[in-house]
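Take a look at the structure below.
Below, each value reflects all heavy atoms present in this structure, side chains not excepted, and no hydrogens, waters or symmetry copies. We count residues from 1, following the sequence as given.
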Amino acid sequence: MSRVFPTVREVLALDPVRHGAPRLVAGEAGLDRPVRWVHVTEVPDIATLLGGGELVLTTGIGLPADDAGLRAFIGDLAGVGVSGLVVELGRRYLSGVPRVMAAAAGRHGLPLVELRRATPFVRITEAVHALIVDAQLTELRATEEIHQRFTELSVEGADPDEVVRQAAELSGCPVVLENLSRQVLAYDPAGESAELLLDGWEQHSRRIRPTGRTAYDPDSGWLVTMVGARGEDWGRLLLRWPGSGGLGVGGDDLSGVDGTGTPPTRLTILVERAASTLALGRLIRRDAEGLERQIHRTLLTALLDRSRPVDEVALRARALGLVLDRRHLVGVVVRHRADSPTGDPGAGGEWGLADVDPGPARLRDLAEAVGQAMRDANLTALTSAVDDHAVGALLALPDAAGEDRALAAFAAALRRGRPDSRSVDAAARTGGPAYPGRPGGDAADAGLIVAAGSGVASLREAGRSLIEARQVAEAARRDRRDLAIFRLPHVGLAGLLHLLRDEPRLQTFVERELGALLAYDARHPREQLLGTLRAYLEQGRNKSAAAAAAHLSRPAFYERLARVARVLEADLDSVETCLSLHVALLALDTIRTP
């Protein structure tokens, strides 16, 4: 039963009851029972017609004359859960109710009240029922305000902090939003000490174990409801109900006990509406971000492959709030050094990618991290995945003078929120932050490459800047330097070769220099002489160092190197020959890179 019902104590304070000079005879402990209705009776077997929560009024005329009958009458009333019994003196009982009746009421904890002055029962009935109806109207108005308030918050797309604040304001109680790992996402102490509220929260929260999706845990005093949608919960909303002293909408008392030890109905409605608003807001933000990201990808792709007129791209970007015309534009590409943890064992082991999940989720996480870094750096940009491994961005700056500063700010923001390929999915399951990261470290530590193309002054040239940034990012994958931003000058010969990777003349050069050795390795897969040549050239033609790098004894390495020379018909002591072969090897690596 809800708090809209008055208690026996409150009924006794009404004027029509006070007019009858009431005196409590027994059952003082039950004075806070709610009164659901008032029922007048003069028959002894009335209990079978009652449903519980009634305040029974009688003159006693029809009550049993024997002690056993009176005990049974009181026992039956207590058995169906009536709130109390009021007996008017003067007709059946002159000076007071029988002692046996008072003793029986005391044993059952049933409030028994004498009215020592004649009082029309209809006035008591009217007063109590008017109180109940008025309280129900107040409850309805409060519930309507709750629904209206949270509907407005849903329409406005309020953030979780605002939803929690409104819930605390409407209830007058502390409210906490947590994820499934018991980490606090938002809270409002409702005027109490935030430090005391959140001290040791995780341990405290794990002891709050209500039964049901929305339920009250009497041991801890918290009303709890799950937060989530589409069959996937990501958090809990908790409201601490003090049991007394809480204020609700318009200052109404929300905290009275309802006889069942549970919070008022309107508080349950409030937390459920707040949870629905939080879940809806999360879905709207997720869907809006997904749609916006799709539009960003469409526009970036159009700039890369020139599939749409530049004016149309500028117009659609402007509709998103991104002004690209008459701006200094810089293409940026961010990617992991390895396409997957197993795609490049060396990179994976060195850069700590062994626990990174490959595939679309990993790319989506990277795209979200790049977008968040742009926002954190207060930069305007189109951002989206541009292929299966890289995320592109087109920075729109007021002028060229701020290019280096803007790129540095973006790289710093990305370092502060280093992406973990599994954390966004985990956040969706637990209500955690949508753009996670592990503080500390830098982009290189996370196995990330941030590359930027040359700045351009026209949207028609933006595709060239994006293509250059993507090529620089590819070329930088074999560069182990700790650079916040890779530009074309940083990748040197590898960058030049990458720019020419699709050039038939470069491919012809590689085949002319290395074709015979590649054919030999194809026929003798156990020998792999290309690796021997690579070790020799990468060690600066130092045979001892090359043998150690190849994990071979020097005689064995010398024998293999001589075989390489015979297959290629080349003088490996010639600096010029070795330079040509080394360039061909670099070009081969670039061509083979997907």
_Charged N-O contact under 4.0 Å between Arg487 and Glu403_ = yes
*Charged N to carboxylate O below 4.0 Å: is that the case for Glu152 and Arg149?*
no
*asked:* Applying side-chain hydrogen bond (donor to acceptor under 3.5 Å, both in side chains) to Arg236 and Ser205, what does each step give before you reach the verdict?
replied: CA-CA 10 Å; Arg236 300 197 307 176; Ser205 174; 3.0 Å; yes
For [X] and [Y], which heavy atoms make the closest approach, and how far apart are they?
X	Y	result
Ala546	Ala535	CB-O, 3.6 Å
Ala190	Pro174	CB-N, 3.7 Å
Cys578	Leu572	SG-O, 3.1 Å
Ser171	Leu239	OG-CD1, 3.5 Å
Ala275	Met226	CB-O, 3.8 Å
Ala452	Ile485	CB-CG2, 3.9 Å

*asked:* If you apply the rule side chain to side chain contact (heavy atoms under 4.5 Å, CB included), what do you find for Val334 with Leu414, and how did you get there?
replied: CA-CA 10 Å; Val334 182; Leu414 189 61; 4.0 Å; yes
Does [X], at its [atom1] atom, have more than 12 non-hydrogen atoms belonging to other residues, nucleotides or ligands within less than 6.0 Å?
X	atom1	value
Arg213	CZ	yes
Arg206	CZ	yes
Gln203	CD	yes
Tyr187	OH	no

Ignoring hydrogens and geometry, is there a side-chain-to-backbone donor-acceptor pair from [X] to [Y] under 3.5 Å?
X	Y	result
Arg560	Gln528	no
Tyr520	Glu527	no
Arg337	Ile449	no
Asp233	Gly235	no
His524	Asp521	no
His328	Ala457	no

Compare all side-chain heavy atoms of [X] with those of [Y] and state whether any distance is below 4.5 angstrom.
X	Y	value
Glu513	Val583	no
Leu588	Leu530	yes
Leu568	Val564	yes
Leu153	Glu162	yes
Leu303	Leu459	yes
Phe410	Leu379	yes
Leu537	Leu581	yes
Leu585	Leu514	yes

*Assess whether side chain to side chain contact (heavy atoms under 4.5 Å, CB included) is satisfied between Phe557 and Ser544, documenting all intermediate values.*
CA-CA 9 Å; Phe557 183 81; Ser544 298; over 6 Å; no
Starting at [atom1] of [X], measure out to [atom2] of [Y] and round the result to the nearest 0.5 Å.
X	Y	atom1	atom2	result
Leu561	Arg554	CG	CZ	14.0 Å
Asp573	Lys543	CG	NZ	5.0 Å
Leu533	Glu538	CG	CD	9.5 Å
Leu237	Arg273	CG	CZ	12.5 Å
Ser458	Arg326	OG	CZ	11.5 Å
Arg335	His389	CZ	NE2	6.0 Å

*I would like to know whether Leu177 and Val227 meet side chain to side chain contact (heavy atoms under 4.5 Å, CB included); could you show each step before the answer?*
CA-CA 9 Å; Leu177 173 64; Val227 183; 4.2 Å; yes
*Determine, step by step, whether Arg470 and Glu474 satisfy the salt bridge (charged side-chain N to carboxylate O under 4.0 Å, His left out) criterion, reporting the C-alpha distance in whole Å, the side-chain angles of both residues, the deciding distance to 0.1 Å, and the verdict.*
CA-CA 6 Å; Arg470 184 158 62 179; Glu474 287 286 350; over 6 Å; no
*For Asp589 and Arg534, what are the C-alpha separation, side-chain angles and deciding distance, and is it a salt bridge (charged side-chain N to carboxylate O under 4.0 Å, His left out)?*
CA-CA 11 Å; Asp589 291 341; Arg534 186 188 300 276; 2.9 Å; yes
*Are Arg165 and Asp161 close enough, and set up right, to give a side chain to side chain contact (heavy atoms under 4.5 Å, CB included), and what steps lead you there?*
CA-CA 6 Å; Arg165 189 189 70 79; Asp161 287 334; over 6 Å; no
*Report the residue from Val370, Val333, Val332, Leu448 that forms a side-chain contact (heavy atoms from CB on, under 4.5 Å) with Val391.*
Val370
*Could you go step by step and tell me if Gln372 and Glu368 meet the side-chain hydrogen bond (donor to acceptor under 3.5 Å, both in side chains) rule?*
CA-CA 6 Å; Gln372 184 63 33; Glu368 290 176 345; over 6 Å; no
*Going through the checks in order, is the side-chain hydrogen bond (donor to acceptor under 3.5 Å, both in side chains) test met by Thr225 and Glu272?*
CA-CA 7 Å; Thr225 188; Glu272 289 181 340; 5.0 Å; no
_Please tell me whether Gln507 and Glu511 have a donor and an acceptor in their side chains that are separated by less than 3.5 angstrom._
no
*Cation-pi between Arg182 and Trp201: NZ/CZ under 6.0 Å from ring centre and within 45° of the ring axis?*
no
